[in-house]
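Remarks on the structure that follows.
As the structure is a prediction and not an experimental result, all values here were calculated from the model. Residue numbers start from 1 in every chain, and the chains themselves are labelled A, B, ... in the order their sequence lines are given, proteins ahead of strands. Both backbone and side-chain heavy atoms feed into the values below; hydrogens, waters and symmetry mates do not.
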There are 2 protein chains.
Amino acid sequence: MREFSRSLPMSLLRAREAVMRQFRPSLRYHGLTEQQWRILRALTSVEAIEVTDLARLAFLLGPSLSRILRDLEARGLIERRSAEADLRRAVVSISPKGLKLIEAVAPTSEAIYAAITKRYGARKLAELQAMLGALEESLASLSGAEGETVEVDE
Amino acid sequence: MREFSRSLPMSLLRAREAVMRQFRPSLRYHGLTEQQWRILRALTSVEAIEVTDLARLAFLLGPSLSRILRDLEARGLIERRSAEADLRRAVVSISPKGLKLIEAVAPTSEAIYAAITKRYGARKLAELQAMLGALEESLASLSGAEGETVEVDE
DNA sequence: CCGATACACTTAACATGTTAATCATTCCAG
DNA sequence: CTGGAATGATTAACATGTTAAGTGTATCGG
């Protein structure tokens, strides 16, 4: 069997961890987890957004998002209201306090990202991202929701 | 600021999720989580191994590993004893029952891996893994353990 | 209208990620 | 030897990942 430490999932896991290890100390310093930061960052790119759409944007599952939004709201970093036309839907937006926090973290975050880019090479980084996107694309159809069966006959 | 959904951490996260989504149903069918599978797989590559080394091999933090080993031992999938020369160290190995489980899961797992490789292309996959390894390598020195400071002057 | 169904969350329950603290054992300077 | 530092592992505490179940609202056919 393939040496599992060289498998694709492990490669991806290690690479991501190597990257996130750079950011975590700064986020931690500002009292944010990686996921909370993702949500706030996502909220800066829109005026307001429904919870379901935010989940897709920040790549979080509903239950995780639900908990985190509760906490971020309690900390006054986001605001939430329900949609007028459909009371099932909740609309979330970042608060002034949340924006201020983003602005405090962003410079360090950008510097780290720049350092990574410089180390690895901007061109190489772009190529890597393209290949990762292609991988995602490749597997989009192989939905993979079967218990034991594997269907591979394309 | 960079569109965060196109950031490197997000690309890595999405790519890994796309891959793991393929494996999870099969693992779940066999009553294993991704991490439990990693541990059992790692144990098949050695006769016996100390907990600390296993953590590095399976890329898990100590506390997570500690909990999972407790559960795997309770299920009879692994065996544990303490090192003779140093009672602080614990030595772990896979049990016959654990091996049997591995053998039950492996065919499906291999088939899925083969399907992914075929879809994405074996050459491209190797190249991707090389680039991921290089990324890890790049960031190995940038240890990143400072609160707010960023030192980038290489 | 009404009841069944679908939808958008939210909660629940359990496993893991993450950092700090604890515990037992070993090592080592004096 | 011995007491303090170092080491290996576990436990604690809290946040998130993941699947299933629950809650309130909307929709739609009859």
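Proximity of a side-chain donor or acceptor of A:S95 to a complementary backbone N or O of A:G76 within less than 3.5 Å is detected. The backbone N or O of A:R75 lies less than 3.5 Å from a partner atom in the side chain of A:K97, making a donor-acceptor pair.
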message = Using the rule given for salt bridge (Lys or Arg N to Asp or Glu O under 4.0 Å), can you reason through A:E17 versus A:R21, listing the C-alpha separation, both sets of side-chain angles and the distance that settles it, and then say yes or no?
response = CA-CA 6 Å; A:E17 177 54 28; A:R21 188 187 347 269; 3.7 Å; yes

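At a threshold of 4.0 angstrom between heavy atoms, the contacts of A:T52 are confined to the sugar-phosphate backbone, with no base atom among them. Residue-level contact check: B:R24 touches the backbone only, with heavy atoms under 4.0 Å from sugar-phosphate atoms and none from bases. Looking at heavy-atom distances under 4.0 Å, B:L65 makes no contact with the nucleic acid at all. Among the protein residues, B:I68 comes within range of the sugar-phosphate backbone only, with heavy atoms under 4.0 Å from sugar or phosphate atoms but none that close to a base. Looking at heavy-atom distances under 4.0 Å, A:S64 makes contact with a base.
Ranked by how close their nearest DNA chain C nucleotide is to the 5' end, B:Q35 and B:P63 are led by B:Q35. Positionally, the nearest nucleotide of DNA chain D for B:D53 lies more toward the 5' end than for the other of B:R28 and B:D53. The residue among A:D86 and A:R38 whose nearest nucleotide of DNA chain D is located toward the 5' end is A:R38. If A:R88 and B:F59 are placed on DNA chain C by their nearest nucleotide, the residue sitting closer to the 5' end is A:R88.
One interatomic measurement links the two molecules: CG of A:L61 to P of D:dT19, which rounds to 7 Å at whole-angstrom precision. Between the CG atom of B:L54 and the P atom of D:dT10 there is a distance of 11 Å, rounded to whole Å.
When DNA chain C is scanned 5' to 3' for any atom under 4.0 Å from a heavy atom of chain A, the first and last hits are C:dA6 to C:dA20.
Here B:R89 reaches the OP1 or OP2 of D:dG8: one of its side-chain N or O atoms lies under 4.0 Å away.
In B:E73, the CD atom is crowded: over 12 heavy atoms of neighbouring residues, nucleotides or ligands sit closer than 6.0 Å.
In the hydrophobic cluster analysis, where Ile, Leu, Val, Met, Phe, Trp and Tyr join through side-chain heavy atoms closer than 4.5 angstrom, A:V91 is grouped apart from A:L40.
Nearest heavy atom pair, residue B:F59 against residue A:M10, reads CB-CE, 3.5 Å.
At a threshold of 4.5 Å between non-hydrogen side-chain atoms, the residues A:L8 and B:L128 count as touching.
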